[in-house]
Structures are given as structure tokens and as C-alpha cells.
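Notes for the one structure printed next.
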Amino acid sequence: MTSPADKFTEKSTVVAENLDHRARIRDAMKKYEGTRGDGVQRFNDWEAARDSASRIKGNVIGRLNHYLEQFVDRIEARGARVHWAEDSAEARRHVLDILGRAGARRVIKSKVMTGEEISINHALEKAGYEVVESDLGEFIVQLRREDPYHFVFPAMHLSRGEIGDLFTKELNTPHSSEPEELTMVARRELRKRFMEADAGICGANFAVAETGMISITENEGNARLTCAMPRIQIALVGIEKVIPRLEDLALFLPMLATSGTGQALTCYNSLYGGPRLQDEVDGPEEFHIVLLDNRRTVVLADEEQRDSLHCIRCGACLNVCPIYRNIGGHSYGATYQGPIGSVLTPYFKGLRAWSHLAHASSLCGACTEICPVKIDLHHHLLQTRRNAVSVQPARKARWPYACFAFMMNRPRIYGFAVRVMRRLQHWPVVSGRKLLRPWTKSRELPEIAPRSFRDWWKERG
Amino acid sequence: MARIREALAPSGPPPKLPDQETVNAALPSVKPDIASMREEFINQSNQLRTEVRVCSDFSEASGALREIAVEGGWGRVALHRGPSVSRLSDAFSCPVMWTDKDYEKSELEKCDAGVTECDALVASTGSILITSRSCGGRALSVLPPHHVVVADAGKLIPDLSTAFVNLKKTYGADMPGFISFITGPSRTGDIERILVLGAHGPRRLTVLLIEDSL
């Protein structure tokens, strides 16, 4: 069994060596930087907005039980059924129960990362349900039997030609590689599915405590259809999605749009408060919310990294991360990629096996700077590195550091070591960097000066 | 829940919520007079590819709607009995279906266009605010490929904050089950980041803005 760390090294090496792939991602991200820059200019004061957003999330997360209770009370009052899930397995059980009791057969989904987290598609398919993704990017990666590459742009790693080939192969449509035509192919295919689906599974970008509603942000309209056409609606929502007041959306919706895609506002921002009401002409008969913990409470308990729960899943940190741009989303091997993924995954899936993600960083801090809710991402990566030592003692590193400390504390021994290295530096085994390979293979030894500063100083008297 | 309380127990008080004024000061703002709001709404709409047709009164709007129907080759259109929409229902020579009572989804699917009211037009973002209660349900404005909104100039509001304050004032504790801000026709950039309109929702979005609604 290869460890997650080994898989990460394997996959990231493959992508890092694929210069075309890297160029494609880099170009996409440069475009993003431009549009986001324009978006930020639209605000009167982007930094003040970040500050407000950070405080609001800080307040909510700091009083999460209070706001969750309020949210649940209010949405239940309008006929929604709330199900608590401690972990992925419990969440999957809830979904299967709901579908079973409702006699559903066909399920359509809008984009829901919490669904990826609990691997709901696999569980539904195993249980004999027909599941189709309606978001175009998700639909594409579902046909390829792949994971999403990026949680905002799931298919950003694919060219139009590759998508054209995929549609021809899987959907038997005449070949095209024009984005417009391909989008229409998907629209026609999915329209049928919207009309036939018994149940729609969605996520939520925010859960408004004050009015008991979930808020869903999208550009395509597939979530609106997922939540309007089928008779059963199931929302999978992480417990950290809560915001206190309805008008907080006036801040969060534009910030999510700007940070996520550089838009002033995303095309559809919709609030759902339960099943179809008495006086309403359409909408689901049943509305269920599965509130997922899945170790978010472990992050909550860690006061140092608690602000990671502020995340609004905009994807900005992925877009600016030099590591993400060069190794791509599939290398991470986890639901959440990039800096936020590297911070959360050790909590969600285990520190010992996943702390390597915290090392996949140059600590440049671009993520922290761009985060709309001011999560201190790069410091969290450092903190995770430190935390990892207590569960995985770096015994192999102890003796080199001990030797290093011994030598550096004794100037005469250090002087002697330098004189020795001056003689040895041109030996093939040293200059060829054959010794201590893990450390020397990516480091060159600089030329050692013919005379050390100390000797020169002594000679000058 | 117990786990949450436990996790939070040893901590000090969380940051205070910022007040609305502080939040609003950071957001883009529009002067709340009709002329400025109209101008900004049209400006935003141009960038979004939302078509805005300013009509001086209902009879002009009726003419505009007839033109759009002919131009679009509408064979069938869906409406709901809202105050403004009802006044324009005789603009159509093609068959009309109503979504006010239980309707057949498959019938709606055959329609070329859906015509609705709106609760508000948000100037700063070029958004149209609708609810399931006031605008003919959840699907009318998203299933047909062309969505037409009939709005009088009085529906213009400056920004999103005002929209949420008004929602609470209008509906209070009795909120509709579905509320949405529509900002342009449906779109996607999922294929090579190329913008394509009409991904799943309407490919065309038209606002008939009626100056004099008497």
C-alpha cells in the first residue's frame, strides 16, 4: 500500500514534468489574476471588506452552537428535515435512508464538495441509484471517472479537444471541439435528466441562521433546476457554513464572486428555506438537510487553526499558489486542494499520514494575502509541520542536527571543518553530490573561499 | 452539538459582529435617485449581456414584448398572473400557459420563454430579485431559454444590502421558500475558461423597464 505521501510525490512529479500542462494551468491562473484585480477595484475598500468578513466568520465560528441551533429551529419550522452526521458514513446512511423511504431511483446533483468529501456518488451507484452531475465541469469529470481538479473549476486541466473526444465516446454525439457546441450538448443531455430525476442533491455556500435558509451560488442555473424540478431535495452542508444574518450575504456574495471568479456577482444566488410552501406552485415536496461534522469539530477545538473554518471555498488560494499551479489539483489526493486543502486535510484524514501536504509549500504567503476571510494559511502550514513532529518524531533528523549544533557552538571545530571542506570540495564524490543524496540532490555547494573572513581579519591585525 | 460546545469551551469571547454601516461602507455604492440607479443598472446589464428595454409606458412595453416574441419565433410562452405581467398577456399571438396553479413541468419545458414580475432591480450589481411566491414559482424563470422580466422603474433599488432589508420588511417571518438574485443570462467558463451563455438556465435575459406604470 503506497502511503498518501508517496502517492503525492509520484503524482506531483508527473505533473511537474509535463510542461504543457503547467503552461495551461499557469495561463488560466494569470487570466484569473487579471479579472480578480478588476473585481477588487469595484469595492470601495477591499481590505475593510476582508476585515468585516473575517469578523463575521470569527463571531459565527466562535458561537457555532448558538447559531446552528437558531438555523435548525428556523428551517425546521418551515418543514425542512434536519439530519446530523458525525462522519462520512453516517451522512451516506442518511442520504440512502431518505432516498429509500421516498422510493427514488434517479438522482441529479449540483456541485457539492461535501458530497465529494463523503464519496456520495460511489455509495449511491453501489446501492443501485442512477446519479448524474449537472454542473458542466463536474459532468465532464464524472464521465472521465476522475476527481475534480479544482473545487471551483473541476475540468480546468482539460482542453476542448479532450472534452470533445470524451463526449463523442461517452454520449455518441457528433464530434466537436467548440466550447459553445459542447456546452449545448451537455445542456440537452442534462435537461432530460432534470425532468426525470426523483431527487436532487445540492450543497450550500452559506447557511443563514437568522432566517433559516441555505444560500447557493452558481453561474449555470443547474442548482436552480436541481432544487426546483425533483420532488425530493437533499442539501449536504458542512456545519461551518453558517452566517448570522441575512444581510451578511450583501458582503459575502460579492466577495465570493470576486475571489472565486473575478465576477462582481455570480449569475444565480438563491436562498432555499424548505420544501414547497402551501401557497407555492412548484418546488420539492420534501426538503432535507444533512449537517456534516466529519472532524470539523477537531479543527474547531484547535484554537490556533480554528479560523480555517472561516473558509468560503472561493478557491483563490489555489489560484495563486505556486505549488498548486505546478503540480495541479489531482496530486493532492484529497477533496480539498491547494493551501486550504493542505491545512484541512491533516485534520480530516489524519495528521500522521497527511502532514506532507504542509511541506508542499514555499511559505510565500500569497494564499494568506488573497484570502477574503483572512485565514492565516501559511502560518497554519508551519503549525501543522510543528504538530506533525509530535505524532511522527523525526528521529532520522536528530543526529545531523545534533552534529550541526555541536560544530556551530565551537568556533575552532567549525574553522577546522571549513578548512577540510576547502580541500575536499573538488573531490568527485563531493562535487558530484553523491553523498547524502536526499539532501544534496537538489542543492549545489557554493565555492568555498580560499581564505575565511576570520583568517583575513586575523592577518590584518 | 455537544462536541461543538466542548471544542469552544476554553476560548475567550469571539470578535464582535461589525455593524451594517461599516460593512456597507466597503461595498460598491450607487446614489439612490431613480436616474442614477437606472443608469447603473443599464451599465451593469450591458456588461452582463442582459438586454434592457426602457419603455415609457405599458402600451410601449406591450409593443416591445410583441416584437421580441416575433423576433424569437416564440411558439409558446409561459406567464404568471402578476400585476404587470397580466397587463401584457394580450401582447401574444402564440399560445400561453400559466404557472399560477399546479402546472405540468413538461408543458413548461416546451415553452420558448417565461415572463415574470420581479421584487426588485438591484442597480449596483445589475441583479433581478425574484421569489417563488411573487414571480410564478421556481422554474418559470429558469427552465425556458428566454426569461423576460417586466418591471416598473419603482422597482429599482441601489444595492444588495437594501434588497435584504426590504425582503425582511416585505415578508417578515413568512419568507417564501425560494428567493433568487439573477445577474445576467446563464453562463459557464468550465471549458478552457471560454464564456458560453445558456449553460442550463436561460440563454437570453430581457428586462422591460417601464418608466410610467400608471
Side-chain angles (χ1 to χ4, degrees), chain A residues 28 31 42-45 48-49 52 55-56 58-59 62-65 136-137 153 155 159-160 163 179-180 182-183 187 190 195 211 219-222 224-225 228-229 244 246-247 249-251 253-254 264-265 267-274 276-277 279-283 293 297 300-301 303, chain B residues 1 3-8 11 13-18 20 22-23 25-29 99-103 105-106 109 125 127 132-133 136-139 142-143 159-161 164-165 167-168 175-184 186-188 190-194 196 198-201:
Chain A
K31 262 192 229 145
R42 273 189 282 265
F43 282 71
N44 275 349
D45 190 342
S52 291
R55 284 163 172 280
I56 294 171
N59 181 280
R63 300 179 64 209
L64 190 59
N65 48 322
L136 179 58
F153 297 104
S159 69
R160 61 184 76 182
I163 297 169
E180 170 113 19
L182 292 170
T183 306
R187 182 191 168 104
L190 287 163
M195 302 304 291
T211 55
N219 272 313
E220 297 179 16
N222 59 302
R224 279 194 61 192
L225 288 169
M229 311 309 292
L246 186 64
E247 54 268 30
L249 288 173
L251 176 67
L253 296 178
L265 203 58
C267 196
Y268 302 107
N269 289 284
S270 310
L271 288 158
Y272 296 94
R276 169 178 179 170
L277 294 173
D279 61 344
E280 291 178 357
V281 300
D282 55 17
D293 177 358
T297 42
L300 190 63
E303 235 175 306
Chain B
M1 276 298 236
R3 257 194 319 278
I4 297 174
R5 265 180 239 117
E6 217 180 284
L8 293 171
S11 311
K16 280 216 186 64
L17 288 172
Q20 262 332 103
T22 312
V23 174
L27 297 170
S29 54
T99 62
D100 299 275
K101 283 211 165 64
D102 279 320
Y103 65 89
K105 293 191 186 136
S106 51
E109 219 277 310
T125 56
S127 305
S132 48
R133 190 176 297 164
R138 298 186 185 205
V142 73
L143 194 59
D159 50 39
L160 287 174
S161 299
F164 289 115
V165 167
L167 275 169
K168 291 207 285 206
M175 288 272 183
F178 167 74
I179 297 170
S180 191
F181 289 88
I182 299 171
T183 312
S186 147
R187 62 197 61 218
T188 182
D190 270 335
I191 299 179
E192 286 189 6
R193 310 294 297 262
I194 306 286
V196 175
H200 292 291

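In what follows, chains carry the letters A, B, and so on, assigned in the order in which the sequence lines appear, proteins first and then strands, with residues in each chain numbered from 1.
Although no hydrogens or angles enter the test, the distance criterion places a donor-acceptor pair under 3.5 Å between the side chain of B/E192 and the main chain of A/R160. With hydrogens and angles disregarded, a donor-acceptor distance shorter than 3.5 Å links the side chain of A/R187 to the backbone of B/G201. Within the 3.5 Å criterion, the main-chain N or O of B/P18 finds no donor-acceptor partner in the side chain of A/R55. A donor-acceptor contact shorter than 3.5 Å is absent between the side chain of A/N222 and the backbone of B/H200. Not one N or O on the side chain of A/D45 forms a donor-acceptor pair closer than 3.5 Å with the backbone of B/A26.
When every heavy atom of A/N65 is checked against every heavy atom of B/I4, the shortest pair comes out as N-CG2, 3.7 Å. Here the shortest heavy-atom pairing between B/T22 and A/S52 reads CG2-OG, 4.3 Å. Summarising the geometry of B/P14 relative to A/G62, their closest heavy-atom pair is CB-CA, 3.8 Å, with the distance given to 0.1 Å.
Contact of A/L136 with chain B is made through backbone and side chain together, with heavy-atom distances under 4.5 Å. Only the side chain of B/Q20 comes within contact range of chain A, with at least one heavy atom under 4.5 Å from a heavy atom of that chain. A/E303 touches chain B through its side chain: at least one heavy atom from C-beta onward sits under 4.5 Å away, while N, CA, C and O do not. In this structure, chain A has a heavy atom under 4.5 Å from the side chain of B/R193, while its backbone stays farther away. Contacts of B/K105 with chain A are made by both backbone and side-chain atoms, with heavy-atom separations under 4.5 Å.
Between the CD1 atom in B/I182 and the CG atom in A/L265 there is a gap of 11.5 Å [rounded to 0.5 Å]. Here CG of A/L300 is found 4.0 Å from CG of B/L8. Values are rounded to the nearest 0.5 Å. To the nearest 0.5 Å, atoms CD1 (B/I179) and CG (A/L249) are separated by 10.0 Å. If you take CZ on B/F164 and CG on A/L253, they are separated by 5.5 Å, rounding to the nearest 0.5 Å. In this structure, CG on B/L17 lies 6.5 Å from CD1 on A/I56, to the nearest 0.5 angstrom.
Of the residues considered (A/D279, A/T297, A/L271, A/L190), A/L271 shows the highest number of contacts with chain B, using heavy-atom pairs under 4.5 Å. Per-residue heavy-atom pair counts under 4.5 Å with chain B were compared for A/A28, A/C267, A/A264, A/P244, and the maximum is reached by A/C267. When the candidates A/G273, A/G283, A/A301, A/A155 are compared by the number of heavy-atom contacts under 4.5 Å with chain B, A/A301 comes out ahead. Considering only heavy-atom pairs separated by less than 4.5 Å from chain A, the leading option among B/D100, B/I194, B/L27, B/D102 is B/L27. Of the listed residues B/I191, B/T99, B/L160, B/D159, the one with more heavy-atom pairs under 4.5 angstrom with chain A than any other is B/I191. For the options A/T211, A/L182, A/D293, heavy-atom pairs under 4.5 Å to chain B are most numerous at A/D293. Annotation: maximal heavy-atom pairing with chain A below 4.5 Å, among B/A25, B/S106, B/S161, B/S11, occurs at B/S11. Counting heavy-atom pairs closer than 4.5 Å to chain A, the top residue among B/L167, B/T125, B/V23 is B/V23.
Between A/N219 and B/S186 the shortest side-chain heavy-atom distance does not fall below 4.5 Å. The shortest distance between side-chain heavy atoms of B/F181 and A/S270 does not fall below 4.5 Å. Looking only at side-chain heavy atoms (C-beta outward), A/Y268 and B/T183 stay at 4.5 Å or farther from each other.
Scanning for side chain to side chain contact (heavy atoms under 4.5 Å, CB included) contacts around A/N44 gives B/S29, with sequence neighbours left out. Residues passing the side chain to side chain contact (heavy atoms under 4.5 Å, CB included) test with A/E280, sequence neighbours excluded: A/R276, A/L277, B/S132, B/R138, B/P176.
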ask   = Can A/V281 and B/R133 be said to form a side chain to side chain contact (heavy atoms under 4.5 Å, CB included), step by step?
value = CA-CA 8 Å; A/V281 300; B/R133 190 176 297 164; over 6 Å; no
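Residues A/E220 and B/T188 bring a donor and an acceptor atom of their side chains to less than 3.5 Å of each other.
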